[in-house]
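The sequence lines fix the lettering, A, B, ..., with proteins before strands; numbering per chain opens at 1. Please read all numbers here as calculations on a predicted model, not as lab measurements.
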Protein chains: 2
Amino acid sequence: MSLPSTYADRNCSLARALEIVGERWTLLIVRDAFYGVRRFGDFATQLGIPRASLATRLKALVEEGVLARDESTAEYRLTDKGIALWPAIRALMAWGDEFYSAKGVKRALRHAEDGGLIDDRGRCAECGLLIPVTEIQIAPGPGFDATGPAKDPVSTAMNVPRRLLEPI
Amino acid sequence: MSLPSTYADRNCSLARALEIVGERWTLLIVRDAFYGVRRFGDFATQLGIPRASLATRLKALVEEGVLARDESTAEYRLTDKGIALWPAIRALMAWGDEFYSAKGVKRALRHAEDGGLIDDRGRCAECGLLIPVTEIQIAPGPGFDATGPAKDPVSTAMNVPRRLLEPI
DNA sequence: CCATTCCGGTTCAGTCATTGAACTGTCGAT
DNA sequence: ATCGACAGTTCAATGACTGAACCGGAATGG
(Lines give C-alpha, C1' and ligand atoms only; values in the text may rest on other atoms or scores of the structure.)
Protein backbone atom coordinates (compact mmCIF):
# COMPACT_ATOMS: atom_id res chain seq x y z
CA MET A 1 0.00 0.00 0.00
CA SER A 2 3.01 2.29 0.17
CA LEU A 3 3.25 4.55 3.19
CA PRO A 4 1.64 7.82 2.29
CA SER A 5 3.28 9.65 5.23
CA THR A 6 1.83 12.92 4.15
CA TYR A 7 1.61 15.39 6.95
CA ALA A 8 -2.09 14.75 7.03
CA ASP A 9 -1.80 11.00 7.40
CA ARG A 10 1.12 10.92 9.81
CA ASN A 11 -1.29 11.65 12.60
CA CYS A 12 -3.92 9.14 11.65
CA SER A 13 -3.84 5.69 13.13
CA LEU A 14 -6.46 4.59 10.65
CA ALA A 15 -4.04 5.28 7.80
CA ARG A 16 -1.36 3.40 9.71
CA ALA A 17 -3.62 0.43 10.29
CA LEU A 18 -4.64 0.38 6.66
CA GLU A 19 -0.99 0.28 5.68
CA ILE A 20 -0.95 -3.17 7.22
CA VAL A 21 -4.38 -4.64 6.66
CA GLY A 22 -5.85 -2.34 4.03
CA GLU A 23 -4.69 -4.12 0.92
CA ARG A 24 -6.89 -6.37 -1.04
CA TRP A 25 -7.28 -9.87 0.46
CA THR A 26 -5.43 -9.09 3.65
CA LEU A 27 -8.37 -8.88 6.00
CA LEU A 28 -9.95 -11.93 4.40
CA ILE A 29 -6.77 -13.86 5.09
CA VAL A 30 -6.91 -12.74 8.71
CA ARG A 31 -10.56 -13.73 8.90
CA ASP A 32 -9.72 -17.21 7.67
CA ALA A 33 -6.98 -17.40 10.26
CA PHE A 34 -9.62 -16.69 12.91
CA TYR A 35 -11.67 -19.50 11.43
CA GLY A 36 -8.77 -21.86 12.00
CA VAL A 37 -7.13 -21.94 8.60
CA ARG A 38 -3.38 -22.30 8.96
CA ARG A 39 -1.98 -23.81 5.80
CA PHE A 40 -0.94 -22.10 2.60
CA GLY A 41 -3.00 -24.31 0.35
CA ASP A 42 -6.09 -23.98 2.50
CA PHE A 43 -5.93 -20.19 2.36
CA ALA A 44 -5.48 -20.39 -1.40
CA THR A 45 -8.41 -22.67 -2.18
CA GLN A 46 -10.66 -21.18 0.45
CA LEU A 47 -10.24 -17.61 -0.75
CA GLY A 48 -9.66 -18.25 -4.44
CA ILE A 49 -6.69 -15.93 -4.25
CA PRO A 50 -3.78 -16.35 -6.66
CA ARG A 51 -0.95 -18.13 -4.94
CA ALA A 52 1.51 -15.38 -5.79
CA SER A 53 -0.64 -12.75 -4.09
CA LEU A 54 -1.16 -15.02 -1.13
CA ALA A 55 2.56 -15.52 -0.70
CA THR A 56 3.13 -11.76 -0.80
CA ARG A 57 0.40 -11.06 1.72
CA LEU A 58 1.43 -13.77 4.13
CA LYS A 59 5.00 -12.54 4.03
CA ALA A 60 3.87 -9.01 4.80
CA LEU A 61 1.61 -10.15 7.64
CA VAL A 62 4.43 -12.18 9.17
CA GLU A 63 6.81 -9.24 8.83
CA GLU A 64 4.34 -7.01 10.62
CA GLY A 65 3.82 -9.53 13.37
CA VAL A 66 0.16 -10.18 12.64
CA LEU A 67 0.80 -13.80 11.77
CA ALA A 68 3.59 -16.09 12.91
CA ARG A 69 4.92 -18.79 10.66
CA ASP A 70 5.91 -22.06 12.28
CA GLU A 71 9.20 -22.96 10.63
CA SER A 72 8.80 -26.70 10.99
CA THR A 73 5.18 -27.08 9.95
CA ALA A 74 4.88 -24.02 7.70
CA GLU A 75 1.65 -23.14 9.50
CA TYR A 76 0.52 -19.57 9.94
CA ARG A 77 -1.13 -18.51 13.19
CA LEU A 78 -2.43 -15.27 14.53
CA THR A 79 -0.24 -13.51 17.06
CA ASP A 80 -1.71 -11.41 19.86
CA LYS A 81 -1.36 -8.44 17.56
CA GLY A 82 -3.35 -10.31 14.95
CA ILE A 83 -5.99 -11.37 17.45
CA ALA A 84 -6.34 -7.71 18.43
CA LEU A 85 -7.81 -7.15 14.96
CA TRP A 86 -10.92 -9.06 15.93
CA PRO A 87 -13.02 -6.04 16.97
CA ALA A 88 -12.34 -4.40 13.61
CA ILE A 89 -13.31 -7.53 11.72
CA ARG A 90 -16.43 -8.00 13.81
CA ALA A 91 -17.44 -4.38 13.20
CA LEU A 92 -17.05 -4.71 9.44
CA MET A 93 -18.92 -8.02 9.48
CA ALA A 94 -21.73 -6.42 11.43
CA TRP A 95 -21.94 -3.59 8.93
CA GLY A 96 -22.07 -6.02 6.04
CA ASP A 97 -24.76 -8.04 7.79
CA GLU A 98 -26.83 -4.97 8.52
CA PHE A 99 -26.87 -3.58 5.00
CA TYR A 100 -26.34 -6.55 2.73
CA SER A 101 -27.98 -9.53 4.39
CA ALA A 102 -31.74 -9.02 4.49
CA LYS A 103 -32.49 -12.29 6.23
CA GLY A 104 -30.22 -11.66 9.19
CA VAL A 105 -26.62 -12.27 10.07
CA LYS A 106 -24.72 -14.77 7.97
CA ARG A 107 -22.70 -15.95 10.92
CA ALA A 108 -23.83 -15.81 14.50
CA LEU A 109 -21.33 -15.34 17.31
CA ARG A 110 -21.98 -17.02 20.63
CA HIS A 111 -20.23 -17.34 23.93
CA ALA A 112 -19.08 -20.96 23.87
CA GLU A 113 -19.35 -21.29 27.66
CA ASP A 114 -23.02 -20.39 28.04
CA GLY A 115 -24.35 -20.11 24.49
CA GLY A 116 -25.24 -16.43 24.85
CA LEU A 117 -25.31 -14.31 21.71
CA ILE A 118 -22.47 -11.82 21.41
CA ASP A 119 -23.51 -8.31 20.49
CA ASP A 120 -21.67 -5.99 18.14
CA ARG A 121 -19.53 -4.69 20.96
CA GLY A 122 -18.27 -8.11 21.97
CA ARG A 123 -20.49 -8.66 24.99
CA CYS A 124 -22.34 -11.86 25.84
CA ALA A 125 -26.11 -11.48 26.26
CA GLU A 126 -26.14 -14.20 28.95
CA CYS A 127 -23.28 -13.38 31.27
CA GLY A 128 -22.70 -9.78 30.18
CA LEU A 129 -18.97 -10.23 30.01
CA LEU A 130 -16.57 -9.18 27.30
CA ILE A 131 -15.78 -12.43 25.54
CA PRO A 132 -12.20 -13.30 24.57
CA VAL A 133 -11.70 -14.61 21.06
CA THR A 134 -10.92 -18.15 22.18
CA GLU A 135 -14.34 -18.44 23.80
CA ILE A 136 -16.26 -17.33 20.75
CA GLN A 137 -18.18 -19.87 18.79
CA ILE A 138 -19.16 -19.05 15.24
CA ALA A 139 -22.11 -20.74 13.54
CA PRO A 140 -24.28 -20.22 10.45
CA GLY A 141 -26.97 -17.62 11.15
CA PRO A 142 -30.40 -16.96 9.59
CA GLY A 143 -28.84 -15.17 6.63
CA PHE A 144 -26.60 -18.09 5.82
CA ASP A 145 -27.11 -19.54 2.36
CA ALA A 146 -26.50 -23.28 2.42
CA THR A 147 -27.30 -24.00 -1.23
CA GLY A 148 -24.61 -24.86 -3.71
CA PRO A 149 -21.79 -27.36 -3.60
CA ALA A 150 -19.22 -27.13 -0.88
CA LYS A 151 -17.57 -30.48 -0.93
CA ASP A 152 -14.04 -29.82 0.18
CA PRO A 153 -13.46 -30.67 3.83
CA VAL A 154 -12.05 -27.27 4.72
CA SER A 155 -15.08 -25.22 3.70
CA THR A 156 -17.54 -27.70 5.20
CA ALA A 157 -15.62 -27.43 8.45
CA MET A 158 -15.96 -23.66 8.23
CA ASN A 159 -19.72 -23.88 7.78
CA VAL A 160 -20.37 -25.79 10.96
CA PRO A 161 -20.42 -24.37 14.49
CA ARG A 162 -16.92 -24.13 15.83
CA ARG A 163 -14.68 -22.05 18.04
CA LEU A 164 -12.50 -19.34 16.64
CA LEU A 165 -8.79 -20.16 16.29
CA GLU A 166 -9.37 -23.89 16.53
CA PRO A 167 -7.40 -25.54 13.73
CA ILE A 168 -9.37 -26.91 10.79
CA MET B 1 -12.69 -4.69 -5.81
CA SER B 2 -14.65 -7.00 -8.06
CA LEU B 3 -17.16 -9.27 -6.37
CA PRO B 4 -15.44 -12.53 -5.68
CA SER B 5 -18.76 -14.34 -5.12
CA THR B 6 -17.02 -17.61 -4.66
CA TYR B 7 -19.08 -20.06 -2.70
CA ALA B 8 -16.76 -19.44 0.19
CA ASP B 9 -17.24 -15.67 0.21
CA ARG B 10 -20.95 -15.60 -0.54
CA ASN B 11 -21.60 -16.31 3.10
CA CYS B 12 -19.19 -13.79 4.50
CA SER B 13 -20.38 -10.33 5.35
CA LEU B 14 -16.81 -9.24 5.80
CA ALA B 15 -16.15 -9.94 2.13
CA ARG B 16 -19.32 -8.05 1.25
CA ALA B 17 -18.33 -5.07 3.36
CA LEU B 18 -14.87 -5.03 1.83
CA GLU B 19 -16.43 -4.93 -1.61
CA ILE B 20 -17.64 -1.48 -0.68
CA VAL B 21 -15.03 -0.01 1.62
CA GLY B 22 -12.07 -2.31 1.09
CA GLU B 23 -10.42 -0.55 -1.80
CA ARG B 24 -7.48 1.69 -1.36
CA TRP B 25 -8.38 5.19 -0.11
CA THR B 26 -12.03 4.42 0.50
CA LEU B 27 -11.98 4.23 4.27
CA LEU B 28 -9.73 7.27 4.46
CA ILE B 29 -12.28 9.20 2.44
CA VAL B 30 -14.99 8.09 4.83
CA ARG B 31 -12.82 9.08 7.79
CA ASP B 32 -12.39 12.56 6.35
CA ALA B 33 -16.13 12.75 5.87
CA PHE B 34 -16.51 12.05 9.60
CA TYR B 35 -14.05 14.86 10.24
CA GLY B 36 -16.33 17.22 8.36
CA VAL B 37 -14.73 17.29 4.93
CA ARG B 38 -17.39 17.65 2.26
CA ARG B 39 -15.83 19.15 -0.84
CA PHE B 40 -14.01 17.43 -3.66
CA GLY B 41 -10.97 19.66 -3.48
CA ASP B 42 -10.67 19.30 0.28
CA PHE B 43 -10.68 15.52 0.07
CA ALA B 44 -8.04 15.72 -2.65
CA THR B 45 -5.57 18.00 -0.88
CA GLN B 46 -6.20 16.50 2.52
CA LEU B 47 -5.54 12.92 1.43
CA GLY B 48 -3.04 13.57 -1.34
CA ILE B 49 -5.08 11.24 -3.50
CA PRO B 50 -5.05 11.63 -7.29
CA ARG B 51 -8.16 13.44 -8.41
CA ALA B 52 -9.03 10.68 -10.84
CA SER B 53 -9.02 8.05 -8.09
CA LEU B 54 -10.98 10.34 -5.83
CA ALA B 55 -13.67 10.83 -8.45
CA THR B 56 -13.96 7.08 -8.95
CA ARG B 57 -14.20 6.38 -5.24
CA LEU B 58 -16.71 9.10 -4.52
CA LYS B 59 -18.88 7.87 -7.34
CA ALA B 60 -18.78 4.35 -5.96
CA LEU B 61 -19.56 5.49 -2.43
CA VAL B 62 -22.53 7.52 -3.64
CA GLU B 63 -23.77 4.59 -5.69
CA GLU B 64 -23.62 2.36 -2.64
CA GLY B 65 -25.41 4.89 -0.49
CA VAL B 66 -22.51 5.54 1.88
CA LEU B 67 -22.24 9.16 0.81
CA ALA B 68 -24.87 11.46 -0.63
CA ARG B 69 -23.97 14.14 -3.09
CA ASP B 70 -25.84 17.42 -2.86
CA GLU B 71 -26.61 18.32 -6.45
CA SER B 72 -26.62 22.06 -5.93
CA THR B 73 -23.54 22.43 -3.76
CA ALA B 74 -21.61 19.34 -4.95
CA GLU B 75 -20.99 18.49 -1.31
CA TYR B 76 -20.62 14.92 -0.12
CA ARG B 77 -22.10 13.89 3.21
CA LEU B 78 -22.32 10.64 5.07
CA THR B 79 -25.67 8.89 4.98
CA ASP B 80 -26.91 6.79 7.90
CA LYS B 81 -25.36 3.82 6.19
CA GLY B 82 -22.07 5.67 6.07
CA ILE B 83 -22.33 6.74 9.68
CA ALA B 84 -22.86 3.09 10.58
CA LEU B 85 -19.27 2.51 9.52
CA TRP B 86 -18.03 4.43 12.54
CA PRO B 87 -17.50 1.41 14.82
CA ALA B 88 -15.34 -0.23 12.18
CA ILE B 89 -13.26 2.89 11.71
CA ARG B 90 -12.90 3.36 15.45
CA ALA B 91 -11.79 -0.26 15.86
CA LEU B 92 -9.13 0.08 13.18
CA MET B 93 -7.96 3.38 14.63
CA ALA B 94 -7.70 1.81 18.06
CA TRP B 95 -5.63 -1.04 16.63
CA GLY B 96 -3.31 1.38 14.89
CA ASP B 97 -2.95 3.41 18.06
CA GLU B 98 -2.19 0.35 20.14
CA PHE B 99 0.54 -1.05 17.93
CA TYR B 100 1.97 1.91 16.08
CA SER B 101 1.74 4.88 18.39
CA ALA B 102 4.06 4.39 21.34
CA LYS B 103 3.19 7.67 23.02
CA GLY B 104 -0.54 7.03 23.14
CA VAL B 105 -3.50 7.64 20.92
CA LYS B 106 -3.07 10.13 18.11
CA ARG B 107 -6.63 11.34 18.41
CA ALA B 108 -8.66 11.18 21.58
CA LEU B 109 -12.42 10.70 21.43
CA ARG B 110 -14.57 12.40 24.03
CA HIS B 111 -18.23 12.68 24.79
CA ALA B 112 -18.92 16.31 23.86
CA GLU B 113 -21.67 16.64 26.48
CA ASP B 114 -19.63 15.74 29.57
CA GLY B 115 -16.03 15.47 28.34
CA GLY B 116 -15.74 11.79 29.23
CA LEU B 117 -13.27 9.67 27.29
CA ILE B 118 -14.84 7.19 24.91
CA ASP B 119 -13.45 3.67 25.11
CA ASP B 120 -12.86 1.37 22.17
CA ARG B 121 -16.39 0.05 22.41
CA GLY B 122 -17.95 3.47 22.04
CA ARG B 123 -18.86 4.01 25.68
CA CYS B 124 -18.34 7.21 27.64
CA ALA B 125 -16.26 6.84 30.81
CA GLU B 126 -18.33 9.53 32.55
CA CYS B 127 -21.93 8.70 31.81
CA GLY B 128 -21.43 5.12 30.68
CA LEU B 129 -23.70 5.55 27.69
CA LEU B 130 -23.13 4.52 24.11
CA ILE B 131 -22.30 7.79 22.38
CA PRO B 132 -23.84 8.65 19.01
CA VAL B 133 -21.46 9.98 16.40
CA THR B 134 -22.82 13.52 16.50
CA GLU B 135 -21.90 13.80 20.17
CA ILE B 136 -18.31 12.69 19.71
CA GLN B 137 -15.57 15.25 19.94
CA ILE B 138 -12.20 14.42 18.43
CA ALA B 139 -9.02 16.12 19.63
CA PRO B 140 -5.26 15.59 19.35
CA GLY B 141 -4.10 13.00 21.87
CA PRO B 142 -0.72 12.33 23.53
CA GLY B 143 0.59 10.54 20.44
CA PHE B 144 -0.21 13.46 18.19
CA ASP B 145 2.79 14.89 16.37
CA ALA B 146 2.36 18.63 15.95
CA THR B 147 5.68 19.35 14.25
CA GLY B 148 5.91 20.24 10.60
CA PRO B 149 4.03 22.72 8.50
CA ALA B 150 0.29 22.44 8.25
CA LYS B 151 -0.73 25.81 7.02
CA ASP B 152 -3.80 25.16 4.96
CA PRO B 153 -7.01 26.01 6.78
CA VAL B 154 -8.59 22.61 6.26
CA SER B 155 -5.88 20.58 7.97
CA THR B 156 -5.49 23.06 10.81
CA ALA B 157 -9.23 22.78 11.37
CA MET B 158 -8.85 19.01 11.50
CA ASN B 159 -6.10 19.24 14.13
CA VAL B 160 -8.14 21.16 16.64
CA PRO B 161 -10.83 19.75 18.93
CA ARG B 162 -14.10 19.49 17.08
CA ARG B 163 -17.22 17.42 16.76
CA LEU B 164 -17.54 14.71 14.18
CA LEU B 165 -19.63 15.52 11.10
CA GLU B 166 -19.45 19.25 11.69
CA PRO B 167 -18.52 20.88 8.39
CA ILE B 168 -15.00 22.25 8.05
C1' DC C 1 14.65 -48.17 -2.78
C1' DC C 2 12.56 -45.78 -6.26
C1' DA C 3 8.30 -43.69 -7.97
C1' DT C 4 4.45 -40.92 -6.92
C1' DT C 5 1.84 -37.69 -4.79
C1' DC C 6 1.25 -33.74 -1.85
C1' DC C 7 2.35 -29.31 -0.68
C1' DG C 8 4.58 -24.71 -0.06
C1' DG C 9 6.10 -21.38 -2.79
C1' DT C 10 8.11 -19.10 -7.27
C1' DT C 11 8.15 -17.50 -12.10
C1' DC C 12 6.31 -15.04 -15.82
C1' DA C 13 3.68 -12.75 -19.33
C1' DG C 14 -0.79 -10.54 -19.88
C1' DT C 15 -4.11 -7.56 -17.98
C1' DC C 16 -6.00 -4.25 -15.13
C1' DA C 17 -5.91 -0.41 -11.75
C1' DT C 18 -3.46 3.61 -10.06
C1' DT C 19 -0.81 7.67 -10.52
C1' DG C 20 0.37 12.60 -11.49
C1' DA C 21 0.06 16.27 -14.34
C1' DA C 22 -2.28 18.83 -17.41
C1' DC C 23 -6.61 20.04 -19.03
C1' DT C 24 -11.89 21.18 -19.60
C1' DG C 25 -15.91 23.28 -18.21
C1' DT C 26 -18.90 25.82 -15.04
C1' DC C 27 -19.97 29.14 -11.74
C1' DG C 28 -20.00 33.60 -9.30
C1' DA C 29 -17.79 37.86 -8.44
C1' DT C 30 -15.32 41.95 -10.32
C1' DA D 1 -16.06 40.35 -20.70
C1' DT D 2 -12.65 38.52 -17.42
C1' DC D 3 -10.89 36.40 -13.75
C1' DG D 4 -10.26 33.01 -10.16
C1' DA D 5 -12.02 29.05 -7.74
C1' DC D 6 -13.60 24.73 -8.01
C1' DA D 7 -15.46 19.95 -9.78
C1' DG D 8 -14.27 16.62 -12.46
C1' DT D 9 -11.92 14.41 -16.92
C1' DT D 10 -8.18 12.85 -19.94
C1' DC D 11 -4.12 10.31 -20.89
C1' DA D 12 0.36 8.16 -20.99
C1' DA D 13 3.33 5.78 -17.79
C1' DT D 14 3.95 3.04 -14.04
C1' DG D 15 2.91 -0.44 -10.92
C1' DA D 16 -0.02 -4.21 -8.90
C1' DC D 17 -2.83 -8.25 -9.63
C1' DT D 18 -4.02 -12.45 -12.04
C1' DG D 19 -3.85 -17.27 -13.60
C1' DA D 20 -1.42 -20.94 -15.12
C1' DA D 21 2.51 -23.44 -15.27
C1' DC D 22 6.47 -24.74 -12.92
C1' DC D 23 10.06 -26.11 -9.10
C1' DG D 24 11.76 -28.79 -5.24
C1' DG D 25 11.51 -31.02 -0.82
C1' DA D 26 9.07 -34.08 2.24
C1' DA D 27 5.97 -37.67 3.10
C1' DT D 28 3.69 -42.03 1.00
C1' DG D 29 3.44 -46.37 -0.89
C1' DG D 30 4.80 -50.41 -3.67
Distances under 3.5 Å between protein N/O atoms and the N/O atoms of nucleotides 15-18 of chain C, please, pair by pair.
residue	atom	partner	partner atom	Å
C:dT18	OP1	B:Arg57	NH2	2.5

[X] side chain vs [Y] backbone, donor-acceptor pair below 3.5 Å:
{"X": "A:Asn11", "Y": "B:Lys106", "result": "no"}
{"X": "A:Arg77", "Y": "A:Leu165", "result": "no"}
{"X": "A:Arg57", "Y": "A:Arg24", "result": "yes"}

So what does A:Tyr76 hit on the nucleic acid, given a heavy-atom distance under 4.0 Å: a base, only sugar-phosphate, or nothing?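 Here A:Tyr76 touches the backbone only, sparing every base.
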For B:Ala44, report the nucleic acid contact type (base, sugar-phosphate, nothing); a contact means any heavy atom under 4.0 Å. nothing
About how many Å separate CD of A:Gln137 and CG of A:Leu164, when rounded to the nearest 0.5 Å? 9.5 Å
How long is the straight-line distance from CD1 of B:Ile49 back to CZ of B:Phe43, given to the nearest 0.5 Å?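 Result: 10.0 Å between the selected atoms.
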Provide, to the nearest angstrom, the distance between the [atom1] atom belonging to [X] and the [atom2] atom belonging to [N].
{"X": "A:Lys59", "N": "D:dA16", "atom1": "NZ", "atom2": "C1'", "answer": "16 Å"}
{"X": "B:Glu75", "N": "C:dC27", "atom1": "CD", "atom2": "C1'", "answer": "15 Å"}
{"X": "B:Phe40", "N": "C:dG25", "atom1": "CZ", "atom2": "C1'", "answer": "14 Å"}
{"X": "B:Leu54", "N": "D:dG8", "atom1": "CG", "atom2": "C1'", "answer": "9 Å"}
{"X": "A:Ile49", "N": "D:dC17", "atom1": "CD1", "atom2": "C1'", "answer": "10 Å"}
{"X": "B:Arg38", "N": "D:dC6", "atom1": "CZ", "atom2": "P", "answer": "17 Å"}
{"X": "B:Ile29", "N": "D:dG8", "atom1": "CD1", "atom2": "P", "answer": "12 Å"}
{"X": "B:Asp42", "N": "D:dC6", "atom1": "CG", "atom2": "P", "answer": "8 Å"}

Residues 81-91 of chain B side chain polar contacts: donor-acceptor under 3.5 Å, at least two apart:
residue	atom	partner	partner atom	Å
B:Lys81	NZ	A:Tyr100	OH	2.8
B:Lys81	NZ	B:Glu64	O	2.7

May I ask you to check whether A:Arg107 and A:Asn159 show a side-chain donor-acceptor distance below 3.5 Å?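 Side-chain D/A pair, A:Arg107 to A:Asn159: present.
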Scan side-chain atoms only and decide if B:Tyr76 and B:Arg38 contain a donor-acceptor pair under the 3.5 Å cut-off.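 Per modelled atom types, B:Tyr76 and B:Arg38 side chains form no pair under 3.5 Å.
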Is it true that atom CG of B:Asp70 has more than 12 heavy atoms of other residues, nucleotides or ligands lying nearer than 6.0 Å? yes
With the threshold set at under 4.0 Å for non-hydrogen atoms, list the residues of residues 61-73 of chain A touching DNA chain D in residue-number order.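 Of all residues in residues 61-73 of chain A, none places a heavy atom under 4.0 Å from DNA chain D.
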Going by salt bridge (charged side-chain N to carboxylate O under 4.0 Å, His left out), name the pairs with one or both residues in residues 158-168 of chain B, residues two or more places apart or in two chains.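 Every pair satisfying salt bridge (charged side-chain N to carboxylate O under 4.0 Å, His left out) with a residue in residues 158-168 of chain B: B:Glu113-B:Arg163.
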Any pair with a residue in residues 115-139 of chain A that passes salt bridge (charged side-chain N to carboxylate O under 4.0 Å, His left out), sequence neighbours left out, goes on the list, sorted by first then second residue, please.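 Not a single pair qualifies under salt bridge (charged side-chain N to carboxylate O under 4.0 Å, His left out).
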Pairs under 3.5 Å (N/O, protein and nucleotides 21-27 of chain D):
none

